[in-house]
Amino acid sequence: MENDKLETISNLFEGKEIRSIWDAEKEEYYFSVVDVIEALTESRDSKDYWYRLKKRMTEEEKSEISTKCRQLKLKSTDGKFYSTDTLDTKGILRLIESVPSQKAEPFKLWLAQMGKERIDEIFDPEIAMNRAIDYYRSRGYSDKWIEARLKGILDRKKLTDVWKENGITKNYEYAVLTNEIYQEWSGMKASEYKDYKNIRKESLRDNMTDVEVALANLGEIATRELAKEHKPYGLKANKEIAKKGGHVAKVAREDMEKELGKSVVSKENALNYQYINDNKLTKKNQVSEKNTKKLKENNNMEEKSGIKRNNKK
């Protein structure tokens, strides 16, 4: 559903540019507040409109939306970059609900419908399952792939239940253990795997081939069974088990690659587009680039030194 929200925000205001920037570390988009307000209200001074709206929301509605804004540098019409108020997807949705605009009404109705669907699913969970199947079919996934994907979701739930019994309670701990499994069998953390496939907020599993899905499921199933058997407690002990579970999938991957003569870890994704603007908010990439450049410089220096030594000899 989060992807649907993002698509809606991107396509809601035809002919109006909504500047956005991707935070790779938080895996979240941040949208320009003044751009959204201008598109909704067609105000001649969207900055002043936002100033007055922010003040009203803080004083009258006791909303904390202004405190959730991030000042990020976005490119202006003059080609220069200026610090601009931005909000993540959730914040933009909250903002749209607070702006009196006819253009916002269809979006508000969509939000209301989404809430009704959630209530219906509580009374009849099969509705949610059918919706998921329809969603995957509409995007061209085969029934065989869908079956494996849904089974994987159930297996994942069984694994997190075991982790919970073994003292894992925090979200970051689940992420650490998941990364341990992925790192072992694929050689990449989940975030690195996403970069490899050139996806951002989209689901990693939804962009895997059927072989990759099978290996990811195998790693998690093996981890679950090992955890049930050895009953590790706490993050450190569970990390060791997660690595062993990932190793089971790694062995299966290596055997298959040996027979096929090629890697089964694919760059392919299920998107019908590619991200062109690679303007990411992450210092890690910058540091990595500097380290790579420095490493190359050091290697060149070592090679030159070796040539000089050989010439002297």
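Note that this is a predicted model, so its numbers are computed, not measured.
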Going from CD1 on Ile92 to CD1 on Ile37, what distance comes out if it is rounded to the nearest 0.5 angstrom?
8.5 Å
Note: Thr84 and Ser32 closest approach over all heavy atoms is CG2-OG, 3.9 Å
Any Ser186 side-chain heavy atom under 4.5 Å of Tyr193 side chain
yes
Under 4.0 Å between a side-chain nitrogen and a carboxylate oxygen: does that hold for Asp88 and Lys68?
no
Could you state the interatomic distance from CD1 (Ile133) to CG (Asp143), rounded to the nearest 0.5 Å?
8.0 Å
Sub-4.5 Å side-chain heavy-atom contact between Ile21 and Lys75:
no
Give a yes or no answer on whether the side chain of Gln183 reaches the backbone of Asn179 with a donor-acceptor pair at less than 3.5 Å.
no
Is it true that a side-chain atom of Ser142 and a backbone atom of Trp145 form a donor plus acceptor pair closer than 3.5 Å?
yes
Donor-acceptor check, side chain of Thr86 to backbone of Arg70, threshold 3.5 angstrom: yes or no?
yes
Group every Ile, Leu, Val, Met, Phe, Trp and Tyr by side-chain heavy-atom contacts under 4.5 Å, then state whether Leu40 and Trp50 land in the same group.
yes
Take atom CG in Asn171; do more than 12 heavy atoms of anything else shown fall under 6.0 Å from it?
no
Locate the shortest heavy-atom distance separating Val211 from Val264; write the atom from each residue and the value.
CG1-CB, 3.9 Å
Atom CG in Asp195, atom NZ in Lys267: separation rounded to 0.5 Å?
11.5 Å
salt_bridge(Glu220, Arg156) N-O dist < 4.0 Å
yes
What orientation do Tyr141 and Tyr136 show, parallel under 30°, tilted 30 to 60°, or perpendicular over 60°?
perpendicular
Other residues, nucleotides, ligands: >12 heavy atoms within 6.0 Å of Glu126 CD
no
Any chance CE of Met188 has more than 12 other-residue heavy atoms, nucleotides or ligands included, within less than 6.0 Å?
yes
Hey, what do you get for CG (Asn269) to CD1 (Ile199), rounding to the nearest 0.5 Å?
6.5 Å
Would you say Arg52 has more than 12 foreign heavy atoms packed within less than 6.0 Å of its CZ?
yes
Does Tyr233 OH have over 12 foreign heavy atoms under 6.0 Å away?
no
If you draw the axis of the six-membered ring of Tyr135, does the NZ or CZ of Arg131 fall within 45° of it and under 6.0 Å from the ring centre?
no
Is there a chain of hydrophobic side chains (I, L, V, M, F, W, Y, each step under 4.5 Å between heavy atoms) that links Tyr182 to Ile241?
no
Identify which one of Arg205, Arg149, Arg224 satisfies the salt bridge (Lys or Arg N to Asp or Glu O under 4.0 Å) criterion when paired with Asp155.
Arg224
Give the cluster check for Ile153 versus Leu215: same hydrophobic cluster or not, with ILVMFWY residues linked at side-chain heavy-atom distances below 4.5 Å.
yes
Please give me the minimum heavy-atom distance between Leu204 and Ala190, naming the atom from each residue.
CD2-O, 4.0 Å
Closest heavy-atom contact between Leu53 and Ser98?
CD1-O, 4.0 Å
Between NZ of Lys243 and CD of Glu184, what distance do you get to the nearest 0.5 Å?
5.5 Å
Do Trp163 and Thr178 have side chains that approach each other closer than 4.5 Å (heavy atoms only, starting at C-beta)?
yes
Any non-hydrogen side-chain atom of Arg200 less than 4.5 Å from a side-chain atom of Tyr29?
yes
Answer whether the closest heavy-atom distance between the side chains of Val248 and Trp185 falls below 4.5 Å.
no
Heavy-atom donor-acceptor pair, Tyr174 side chain to Ile168 backbone, under 3.5 Å
yes
Kindly give the heavy-atom pair with the smallest separation between Leu177 and Ala242, and that separation in Å.
O-CB, 3.8 Å
Would a 4.5 Å heavy-atom cut-off, applied to side chains only, mark Tyr49 and Asp45 as touching?
no
Beyond-backbone contact of Tyr82 with Lys73, side-chain heavy atoms, under 4.5 angstrom:
no
Hey, are Arg253 and Glu257 close enough for a salt bridge, meaning a charged N less than 4.0 Å from a carboxylate O?
yes
Between Asp206 and Glu202 (side chain of the first, backbone of the second, donor and acceptor by atom type, cut-off under 3.5 Å), is there such a pair?
no
From Lys244 atom NZ to Lys250 atom NZ, the distance as rounded to the nearest 0.5 Å
15.0 Å
Give a yes or no on whether Val251 and Val265 share a hydrophobic cluster (residues Ile, Leu, Val, Met, Phe, Trp, Tyr; joining criterion: side-chain heavy atoms under 4.5 Å apart).
no
Search all heavy atoms of Asn217 against all heavy atoms of Ala148 and return the closest pair with its distance.
ND2-O, 3.6 Å
So for atom NZ, which belongs to Lys194, do other residues, nucleotides or ligands contribute more than 12 heavy atoms lying within a distance under 6.0 Å?
yes
Look at Lys144 together with Asp210 and state whether they make a salt bridge at an N to O cut-off of under 4.0 Å.
no
Would the distance check show the side chain of Glu192 and the main-chain N or O of Lys189 forming a donor-acceptor pair, the cut-off being under 3.5 Å?
yes
Do the side chains of Ile221 and Ile181 join up, straight or via other hydrophobic residues, at under 4.5 Å, putting them in one cluster?
no
Salt-bridge present (Lys197, Glu212; N to O < 4.0 Å):
yes
In terms of side-chain geometry, is the basic nitrogen of Asp85 or Lys54 positioned less than 4.0 Å from the acidic oxygen of its partner?
yes
